[in-house]
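Data first, discussion second: the structure below is written as structure tokens.
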Amino acid sequence: MPYTGNDIRRVEEKWQAIWAQKKTFKASVDSHKKKYYVLEMFPYPSGKIHMGHVRNYTIADVIARYKMMRGFNVLHPMGYDAFGQPAENAAIKRGVSPSEWTYRCIDDMRAGLKKMGFSYDWDRELATCDASYYRWNQWIFLKMQEKGLVYKKGSPVNWCPSCATTLANEEVSNGACWRCKNEVVQKDLEQWYLKITHYAEPLLEDLRTLNNWPSRVVAMQENWIGRSFGTDIYFRIKGADDVITVFTTRPDTIFGATYVTLAPEHPLARKLSRGTPQEVAVAAFIEKSAHISKSLRMSGDARKEGIFTGGYAVNPVNGEEVPVWIGDYVLMEYGTGAIMAVPTHDQRDFEFARTHNLPMRVVIQDPAHPSVTPQQMSKAYEESGVLVNSRQFDGVSNEDAKKNISEWIAAQKMGRLTINWRLRDWLISRQRYWGTPIPMVYCEACGIVPVPYDQLPVKLPENAPITGSGGSPLAKVKEFVDVQCPKCGCEARRETDTMATFFDSSWYFLRYCSAHNDKEIFDAKEAAYWMPVDQYIGGIEHAILHLLYARFFTKFLHDIGLVVVDEPFDRLLTQGMVLKEGEVMSKSRGNVVDPDEVIATFGADTLRVFILFAAPPEDQLEWSPAGLEGNWRFINRIWNVVENRYRPVAAGNGMPDADDKKLEFERNAAIKKVTDSMEGGFKFNTAISAVMVLMNAVDKFQVPDGAPAKQAALNKAVETAVLLMAPFIPHAAEELWQMMGKNDASVAFVAWPTYSDDALKTDTVRMAVQVNGKVRGEFEVARDADEAVLRPIVLADEGVQRHIAGKDIKKFIVIKNKLVSIVV
RNA sequence: GCCGAAGUGGCGGAAUUGGUAUACGCGUCGGUCUCAAAAACCGAUGUCCUCACGGGCAUGUGGGUUCGAGUCCCACCUUCGGCACCA
């Protein structure tokens, strides 16, 4: 009977019920067993699970189940990243409270996850919107505050008008909001920040230890943190006490600095113009720059607008007085907001200088044009060369000069060596309701006061008016806002912003270690046992955002002595997207395939096999109904063999014939191939194909009536196939294991099959013969045959003779058991 | 511009890391079974020349190393992703 519709549902539901009832996948600390922590990036509960979830979690589940069979003590938890804006949008649109909507979605997600048969320890399930979870967000915030890593400051921030909230730098991509894709604007606001920059160095350096992360993720984080070594150089203002500090990575060009450029926002920009004829024009220019959006100002074809301040600065290396300009291409937020301009050797400065008719001087000689004058140049010379016009450094290569000049400048106190980071502190306050309240209180007398630890959690009130616009909803909840100052007891008011939801997900992997601890954030001993996460799986979209924040939190919690490790995720796998007709599945495109419908016809096991077989886990995956059916057929073939050909038999003890040996070879080869595929980076597609090859051999293998030895050989091969497939098709595997009369409680913990190298050594091998690099023949010869044996056989062959007849044999190369290469 | 990943049949993709390129699956074609169809099973399937035996050409392009290159080296091309007026 084929394994179809109702049958599949019956079997899958049966085993899901058994796993739930017996808590088959409950994990607990066992110091005698080696642990393995498998984690997938937990979902935002927005409704039912989709194919992206299915792929992500199937990958994780197969790894978890494989490791169980390998004897590891596996922790495989699941939870919900439950705070966030969609819940508020749902509240506005449907009139349900964010809480109600979220918990309803969680129920739907959970049902979908259970239907897939994932091996979670459900006792560790958590949702970040539970007060039992977010109180520890507040706890971490206060700890960070205690350690000086939290501050509030007013400055220009990223503001998404459509989401009506601030955004972290990491949440802005190409000037657009990561969530709604609308344009982000700058706004001056006072906001809470976490000093992630305090960890810039270890966050960058420790990337080198993450050898099991995809190199592109490492590269992306490197780019994001963006360290550049350089030199700060002090330019005194002529006729004033002020000093302009410029940052440069090209101190070798200092003698070619013919002017200085300030960002429009630079504090000295306006000041320098005071009392000069430029004063009015400068004020107008600064005003104008302030009103141009950042993305427009930074856009590719920028025009290099600027204006002379009227002031002059002194180049410390040669005492030269150079004009100070304001240029819109200089950014206040990078370096010092001021640069020394070297138009001959920096393309941007070159364009600016040409536009505004500023002086230039060549200080690095282009070997191809040794006597070129600035007037003759059509662009800046940014390559290497020898210094000229640079006094005592003339004749030095610019590579050496970088070091020599910067050290000389530092020694002369004309500047100092410095490091600049691209990474900015993490803006975490959001003007939204559905998030963790920031545990701070404003008191007239005491200022900003942290909520004492024993008053946690600061609970999110149920009844805030949510409109999606017009400031923090919590500000309108009087009972929430009004509070006594924890310090002096006077009337005070609570902070009404909530935390960015990336705060919640920055440490959830630690909470899983003791998910229901209500005394501490987590049990340090449990965390010491389970951490780090051995294998983390999730989408590439978190390459910077979540993965950077989680690393930051882990380092902080390590530094305050709570966790042993200082990197949370040992191995990282970023799964590819699921496409249909070449496009990402999405509601707006109307090309989504509902996992439920697939499960209803073919079962979760088929869906799992399809999604793993169709492409390597990191690659994009194209949805294919035909492929899905092919994978269902494959499961059916195993099912049919167990049902129709597997017969319990007393171990036969006849001599194995050639067929038996062949089957035993295939069985061992399959074990080796599947094991290697799993160990060598979870190449599920080749693992499954190896079992397909084994099943092809099983199908060909004949068992005549009354041949117990042959029956036993077949049984052994079928049992192996079921075990090798067990991580992939957990429901069918359990059922088949039972059908074969095994009485293990669950196939999930039956030991992974092992292979013997002896069985893989056949008596004879097929070898190819090449003549002058081209394959001209094939031979079946005894294993390990050497040249003495091979030479006569090979040379006698007609096909080979045809190509070597009448020619001298120059070389006769034997690659044992593989091929013979003849050169004539 | 800088950094990262990748280019293999009609399609998804294999290739023990320098050793018989195209495993496995999908699709297509042919066959068995059937009144017929579906399902299932069996066989064929890179491409060109040849009735055939055979042979030529094929892993983005062009070179190189080697008895032997999808794999190593050099120079390109294309695609995807990240960063970017970052001084």
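Lettering follows sequence order; numbering is per chain, from 1. Hydrogens, waters and symmetry mates are skipped; everything else that's a heavy atom, side chains included, is used. Just so we're clear, the structure is a prediction, and the values are computed from it rather than from any experiment.
Nucleotide B/C83 forms a pair with B/G1, judged by Watson-Crick or G-U wobble geometry with both contacts under 3.5 Å. In a base pair of the Watson-Crick type (N1 to N3 plus N6-O4 or O6-N4) or a G-U wobble (N1-O2 and O6-N3), with each distance short of 3.5 Å, B/C41 is matched with B/G31. If you check B/G7 for Watson-Crick or wobble pairing at under 3.5 angstrom, you find it paired to B/C77. With a cut-off of 3.5 Å on both Watson-Crick or G-U wobble distances, the partner of B/U59 is given as none. Judged by Watson-Crick or G-U wobble contacts below 3.5 Å, the nucleotide B/C67 has B/G19 as its partner.
Using a cut-off of 4.0 Å between Lys/Arg side-chain N and Asp/Glu carboxylate O, A/D252 and A/K402 are scored as not salt-bridged. Residues A/E583 and A/K580 are not paired through a salt bridge, judged by the lack of any N-O separation under 4.0 Å between the basic side chain and the carboxylate. We find that A/E205 and A/R227 are joined by a salt bridge, their nearest charged nitrogen and carboxylate oxygen being less than 4.0 Å apart.
The A/Y329 side chain lies nearest to B/C85 when the options are B/C85, B/G12, B/G19. Checking B/C83, B/G13, B/C85 against every side-chain atom of A/R422, the shortest atom distance belongs to B/C83.
For B/G9, the base is syn relative to its sugar; the glycosidic angle is within 90° of 0. Glycosidic conformation, B/U78: anti, with the torsion outside 90° of 0.
With sequence neighbours excluded, the residues forming a ring pair (Phe, Tyr, Trp, His ring centres under 6.0 Å) with A/F352 are A/Y259, A/W325, A/Y329, A/H356, listed by chain and number. In this view, A/W213 satisfies the ring pair (Phe, Tyr, Trp, His ring centres under 6.0 Å) rule with no residue, not counting sequence neighbours. Partners of A/R667 according to the side-chain hydrogen bond (donor to acceptor under 3.5 Å, both in side chains) rule, which considers only residues two or more places apart in sequence or in another chain, are A/E664, A/T720. For A/R802, there are no side-chain hydrogen bond (donor to acceptor under 3.5 Å, both in side chains) partners, not counting sequence neighbours. The ring pair (Phe, Tyr, Trp, His ring centres under 6.0 Å) search around A/H542 returns A/H546, not counting sequence neighbours. Every residue two or more places apart in sequence or in another chain that forms a ring pair (Phe, Tyr, Trp, His ring centres under 6.0 Å) with A/W178 is listed here: A/F502. For A/R783, there are no salt bridge (charged side-chain N to carboxylate O under 4.0 Å, His left out) partners at least two apart in sequence or on another chain.
Geometric assessment of A/R361 against the ring of A/F255 yields a negative cation-pi assignment under the 6.0 Å and 45° thresholds.
Nucleotides B/G60 and B/A6, compared at atom P, are 13 Å apart to the nearest Å. One P atom belongs to B/G25, the other to B/C76, and the distance between them is 42 Å to the nearest Å. Spacing between B/C26 and B/G13 at atom C1', rounded to whole Å, works out to 11 Å. Nucleotides B/C74 and B/C67 place their C1' atoms 23 Å apart, quoted to the nearest Å. Comparing the P positions of B/A58 and B/G63 gives a spacing of 11 Å, expressed to the nearest Å. On the C1' atoms, B/G62 is 37 Å away from B/A44, given to the nearest whole Å. The C1' atoms of B/G4 and B/G9 are separated by 29 Å, rounded to the nearest whole Å. Between B/U61 and B/A52, the distance separating the two C1' atoms is 37 Å to the nearest Å.
Note on A/Q347: nothing from the nucleic acid sits closer than 4.0 angstrom, heavy atoms only. Using a 4.0 Å heavy-atom criterion, one finds that A/P214 contacts no nucleic acid atom at all.
The salt bridge (charged side-chain N to carboxylate O under 4.0 Å, His left out) pairs that include a residue from residues 612-627 of chain A number zero, where partners must be two or more places apart or lie in different chains. Pairs engaging residues 628-637 of chain A under the salt bridge (charged side-chain N to carboxylate O under 4.0 Å, His left out) rule: A/R637-A/D699 [sequence neighbours left out].
Between A/L331 atom CG and B/C83 atom C1' there is a gap of 14 Å when expressed in whole angstrom units. Computed from coordinates, the A/K818 NZ to B/U17 C1' distance equals 10 Å when rounded to whole Å. In this structure, A/D252 places its CG atom 13 Å from P of B/A87, rounding to the nearest Å. One atom, CD of A/E222, and another, P of B/C86, lie 19 Å apart when rounded to the nearest Å.
Between A/S689 and B/G13, a side-chain N or O to OP1/OP2 separation shorter than 4.0 Å is absent.
The 5' end of RNA chain B is approached more closely, in terms of each residue's nearest nucleotide, by A/K700 than by the other of A/S228 and A/K700. Both A/K683 and A/S215 sit near RNA chain B, but only A/S215 has its closest nucleotide nearer the 5' end.
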Please list, for nucleotides 25-33 of chain B, all pairs of protein and nucleotide N/O atoms separated by less than 3.5 Å.
residue : atom : partner : partner atom : Å
B/C26   : OP1  : A/R633  : NE           : 3.4
B/C26   : OP1  : A/R633  : NH2          : 2.7

Taking only N/O atoms, report every protein-nucleotides 79-82 of chain B pair under 3.5 Å with atom names and distance.
residue : atom : partner : partner atom : Å
B/G82   : N2   : A/N223  : ND2          : 3.2
B/G82   : N3   : A/N223  : ND2          : 3.4

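The main-chain N or O of A/A614 is never found under 3.5 Å from a side-chain atom of A/N685 such that the two would form a donor-acceptor pair.
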**Study point:** Footprint string (nucleotides 51-68 of chain B, 5' to 3'): B base within contact, S backbone only, - free, heavy atoms under 4.0 Å
**Key:** ----SSS---------BS
